[in-house]
Structures are given as structure tokens and as C-alpha cells.
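First the proteins, then the strands, lettered A, B, ... as listed; each starts at 1.
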There are 2 protein chains.
Amino acid sequence: MSETTQRILPPTEALICFNLYAASHGFIRLYAPYLERIGLTYPQFLVLLTLRGPEGEGQPQGVGELGALLGMESNTLSPLLKRMQGAGLLTRTRSEEDERRVVIALTEAGRARAEAAAEVPGCIAKDTGLSEEDYHTTLEVLRKLRGQIAGLDGKPATE
Amino acid sequence: MSETTQRILPPTEALICFNLYAASHGFIRLYAPYLERIGLTYPQFLVLLTLRGPEGEGQPQGVGELGALLGMESNTLSPLLKRMQGAGLLTRTRSEEDERRVVIALTEAGRARAEAAAEVPGCIAKDTGLSEEDYHTTLEVLRKLRGQIAGLDGKPATE
DNA sequence: GCAAATTAAATCGCGCGCGATCTTATCGCA
DNA sequence: TGCGATAAGATCGCGCGCGATTTAATTTGC
């Protein structure tokens, strides 16, 4: 691990949260030209990838399951999915056995768009020039970090 | 580095960009109760920390410098700073020597709020329970990653 | 068996992010 | 000196995130 943390830095630079924030937006900016080309926003891209599944064999999902996978709630997902339905990418159907649930399924156009979306991460990986090892290390650090903060949302605050 | 990357994962879980996205929002949710208590949004918190400086000795900054430090442009910063001015936290003054520039300076109330803001990251570090070493490793990985993607925003796209 | 509690999704309001455009000031240079 | 190019901010529109509330369906507990 390189020792690049300097003594005097802008205050935000020493914070994990700002580095996540800046890196996240930085990556989204990298994705932007590719996503614009296929007419998707970044969250829409995430939704399509999730519905597509790891090998293109994804099944329809409820709004709740989708939200759990993406870390969003219905207040974000509902309007997002409505826009995607408007774009002809997916359908929203009330579940038969539980009328509260709404099931999201890809249309043919949605499946095609999802295939195009699935090509993008490879392009980004190439653009960034990260080695296989760096990629893996970074992914592990991030997944571990997410695991560490998952579940402590119950306002620990000044206990 | 633990070997937790499974064979079959939801598609987004294998992406660095989604892990950044999810971790960033996760951290912002951790900050939320603390920031709400002092009446700040997350970007406002970043602005105050930056204006305060590493040791509380920060100097007034132009909108552009502030944006460079935070990775924002005037289309995001201008309304944000205007709201913070409305809240009495800072002043916006046209520069004398260059009438295009607008200089941002903390008010007394802003300085006080910035001191309160500076307390928060320590609380979060405690809540997350990250070891000193994990914190340092994570920070290094993120800063390295940001360095890797900095500057390749010139639409490399399918070259 | 039915009212209260719980759950799923939708809706609303507000504050970002950001592409696109506009305004105004400074700079370059013939 | 003057005028086109550049630079700094501001403005506008739209799509998220998210807290708060609402609506409707299901589960529960008596």
C-alpha cells in the first residue's frame, strides 16, 4: 500500500466519506458518455443490470427486492421505474397473490437495452487502466467497508 | 485481503462503481442524524469543512477554488452557496481585482457551525468501528482510485 | 371474524448533480 | 484601441435520493 497520505491536506481529503463521494461521482462521469449513447441514466443502468441477472437469465422482481439489491426505497424507485416503463423498457404489474406488490419485468426492448448496458463496465475497466489485481483489491475493500456499515443505521448517534 | 467475492452475485455487486455508489450513500445516511442536528446537508457540511481549513484557520475562497476542491461546478455550487448565505453561514462578495470572481467567506455563525461540523467525522469513525489500520488502508485505496480516474474525463469512449 | 397493526408501494417537497445556455468581465492580439 | 476569444458565475430543466405522508392490502391478535 503506497504511503501517499500527506500531513496537510484539504479537510475533506482525509475523510473516507468524501473520498467515496468524489470517487462515486467520478465513476458516474466516466460512465456518462457510454450511458448517454444508449439512452440511460446511471440508476436506470443499475436497474437494467439487476433485472437482467448475472448471465442474462434474470427473473422479474418486486419493487422491494429490487430496492434491497440497489439500496433504494420506493420513494426513489417508483418514479424511476415509471419513467423506464414510459420508455418501454419494462412493465409494472400488480401481483396476483399479493395485491400490494408490484412486479417489474423487462420488455423485449428492455432486454436488448440491458444487453447493451452489460457491455459498458468492460469499457470502463479498460478506460481506467486498473490492473486485475488493483480491481480485485479495490472491490474487496469496498465490499468489506459496506459490510462494516450495513445495519448500523439505527441512529447510533452520541450514545 | 479476505476472499469474499462469491461466484454468483447480483450483477451490480461485482462493479466498483456500484460499490462506490452504495458505500457513498451508506455513509451519507450515517452522517444524516448528526448533520440534521446541526442543520446541514451533506454537501453543505463539505463546504463548511473546506472553508474552515485543516486546523480552523481557513481563508475565504473563490467559487472556482471551492469547486475544484469538492469536484463541483458553479451549476451545483451557486445555488448551494446561495442557500447557505440565506442561512447566514457565509457571505458572497464580488472580487475587487476581478469582477468575475465571487469570494466566499464564513460569517461568525458559519465559523461556529463549521466547528460543530468538524466534530462529526470522529463520531462516525467511532460508530463504524473501523480499526486505525482499516481506515488508513481504505483511505489509501480510495485516493489511489481517484488518482487513477482523474483526468480521463475527455470521453475516451470506444477509441 | 373483525378491528388494529403491519407491510408494499406511491406521492410530495426539497436539495442536490449536471448538461446546456446566458451574462458579464477579462485577456489576447492585430 | 478595439474586438473576438476565453473565463467565472449564474440560471434553467430534469432526474435522482430521501424524509414524511398517504393509500391500499394483508397479517395479527383478541
Side chain of [X] only, please: which of [options] is the nearest?
X	options	value
S78(A)	dT11(C), dG9(D), dC16(C)	dT11(C)
T76(B)	dG17(C), dC18(D), dA8(C)	dG17(C)
R101(B)	dG9(D), dT6(C), dT24(C)	dG9(D)
V63(B)	dT26(C), dA10(D), dT11(D)	dA10(D)

Comparing nearest nucleotides in DNA chain D, the 5'-proximal residue of the pair V103(B), N75(A) is V103(B)
Which comes earlier along DNA chain D counting from the 5' end, the contact point of Q44(A) or that of A32(B), where each point is its nearest nucleotide?
-> Q44(A)
Could you give the CZ-to-P distance, from R94(A) to dT26(D), as a whole number of Å?
-> 10 Å
Going by an N to O cut-off under 4.0 Å, is there a salt bridge joining [X] and [Y]?
X	Y	result
E140(A)	R143(A)	no
R101(B)	E65(B)	yes
R113(A)	E108(A)	no

Check: R100(B) side chain, dT24(C) base, donor-acceptor under 3.5 Å = no
By the 4.0 Å heavy-atom rule, please label [X] as base, sugar-phosphate, or nothing.
X	answer
L80(B)	sugar-phosphate
I28(B)	nothing
T41(B)	sugar-phosphate

Examine [N]: is either OP1 or OP2 under 4.0 Å from a nitrogen or oxygen in the side chain of [X]? Give yes or no.
X	N	result
H25(B)	dC16(D)	no
R92(A)	dA9(C)	no
R83(A)	dC16(D)	yes
Y42(B)	dG17(D)	no
K82(A)	dT11(C)	yes
R29(A)	dG19(C)	no
S74(B)	dG9(D)	no

Could you walk me through whether Y31(A) and D127(A) pass the side chain to side chain donor-acceptor pair (under 3.5 Å) test, one step at a time?
-> CA-CA 10 Å; Y31(A) 272 80; D127(A) 289 349; over 6 Å; no
Please check if atom CD in E73(A) has more than 12 non-hydrogen atoms from other residues, nucleotides or ligands closer than 6.0 Å.
->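 Counting neighbours around CD of E73(A), 12 or fewer heavy atoms of other residues, nucleotides or ligands fall under 6.0 Å, so no.
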